[in-house]
2 protein chains.
Amino acid sequence: MKIGDLAAQSGLSPDTIRYYERIGLMPLPVRDGSGRRDYGDDTLRWVAFLEKLRDTDMPVRERLVYARLRAKGPETAPERAALLRTHRERVRERLLALQAGLDLLDAKIEGYERGEIR
Amino acid sequence: MKIGDLAAQSGLSPDTIRYYERIGLMPLPVRDGSGRRDYGDDTLRWVAFLEKLRDTDMPVRERLVYARLRAKGPETAPERAALLRTHRERVRERLLALQAGLDLLDAKIEGYERGEIR
DNA sequence: GCTTGACCCGGAGTGCGCTCCAACTCGTAG
DNA sequence: CTACGAGTTGGAGCGCACTCCGGGTCAAGC
């Protein structure tokens, strides 16, 4: 799989993929005969997971920590789990805050609909 | 209320308040005898509302549109309501995505706990 | 009367997460 | 054989949302 294919299938741009590689989020891919990046399906799954983490607002720095632990080997599994648990707690809080915001919006829109807001 | 008091009560920094004023998010406050900003409780309520919108990821640009409509007068109420409804839809989607992310985290952490992840 | 601390202003700087660019090299289709 | 599209690199640039800075003013407490 070339970078363009990975980009198409992951939804990231080639530039973003190279950027992720530069900062260490993605492992250095093998290169084909003429120096082009060649990816396997494992990479696609990894990128997809990274995107899920991003979607939950995990900052790049933290995804980086996770990536480095993963690269280090299976013995880092407990650390990775701990990292995910910490992050999960933040996601839960964010979810609550967002729900509160949604409730406020509902109330505010209600107010507009009743003509109570000037 | 001086800018420091408003900052303390709203949780924003004085710099952020002045920044909001510069870009038009906040109305120009009255000044006391020596040129200092003097705020009333109405401003505190407005700032609090702005923060709630921010907490739901409404971008500054959009809060600005809302602020300008509000400043324009009561006849813009329908437009403001429409803006909030559009935003609410985005918040709902975000909430779903976040919930999906949370589910994934749960599953992943489960996997780590079962020792299924290398 | 002097120091202190809060405020003023305009503008520069910061951190994040990309995104774009120029200049180059390839492999393939016509 | 050549034109094209997709890839390569290092580095610059961008949009967002603040955040900080320097140099100044002013009112109140000691």
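All figures in this text were calculated on a predicted structure; none of them were measured in a lab. These values consider heavy atoms only, across backbone and side chains, with no hydrogens, waters or symmetry-generated copies. Each chain gets a letter, A, B and so on, in the order the sequences are listed, and its residues count up from 1.
- Ion pairing between R18(B) and D15(B) holds under the 4.0 Å rule for side-chain N and carboxylate O.
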Could I get a table of every N or O pair under 3.5 Å where one atom is in the protein and the other is in nucleotides 24-30 of chain D?
unit_1	atom_1	unit_2	atom_2	d
dC26(D)	O2	R36(B)	NH2	3.3

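- When V47(B), D5(B), T43(B) are each tested for a side chain to side chain contact (heavy atoms under 4.5 Å, CB included) with S10(B), only one passes: V47(B).
- Separating the CD1 atom of I23(B) from the C1' atom of dC16(D) is a distance of 10 Å, rounded to the nearest angstrom.
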### Query
Passes side chain to side chain contact (heavy atoms under 4.5 Å, CB included), F49(B) versus R70(B)? Steps please.
CA-CA 13 Å; F49(B) 180 60; R70(B) 178 176 178 267; over 6 Å; no
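- Non-hydrogen atoms lying under 4.0 Å from DNA chain D are contributed by nothing in residues 39-54 of chain A.
- Atoms OH (Y20(B)) and C1' (dC18(D)) sit 8 Å apart, rounded to a whole Å.
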Without placing hydrogens or testing angles, list every side-chain donor-acceptor pair under 3.5 Å for residues 85-97 of chain A, not counting sequence neighbours.
unit_1	atom_1	unit_2	atom_2	d
R85(A)	NH1	E113(B)	OE2	3.1
T86(A)	OG1	A82(A)	O	3.1
H87(A)	ND1	R90(A)	NH2	3.2
H87(A)	NE2	T56(A)	OG1	2.7
R88(A)	NH1	D106(B)	OD1	2.7
E89(A)	OE1	R92(A)	NH1	2.8
R90(A)	NH2	E62(A)	OE1	3.1
R90(A)	NH2	E62(A)	OE2	2.8
R94(A)	NH1	D55(B)	O	3.1
R94(A)	NH2	D55(B)	O	2.8
R94(A)	NH2	D57(B)	OD1	3.1
R94(A)	NH2	D57(B)	OD2	3.0

Filtered N/O pairs between nucleotides 19-22 of chain D and protein, under 3.5 Å:
unit_1	atom_1	unit_2	atom_2	d
dC20(D)	N4	D15(B)	OD1	3.3

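- Within a heavy-atom distance below 4.0 Å of DNA chain D, no residue of residues 57-66 of chain A is found.
- Think of the region where chain B sits on DNA chain C: with heavy atoms and a 4.0 Å cut, that region ends 5' and 3' at dA6(C) to dC9(C).
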#### Entry: Verdict with reasoning, E51(B) to R54(B), per salt bridge (Lys or Arg N to Asp or Glu O under 4.0 Å)
CA-CA 5 Å; E51(B) 286 188 85; R54(B) 184 186 61 180; 3.5 Å; yes
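- For T76(A) (side chain) and E79(A) (main-chain N/O), no donor-acceptor pair under 3.5 Å exists by modelled atom type.
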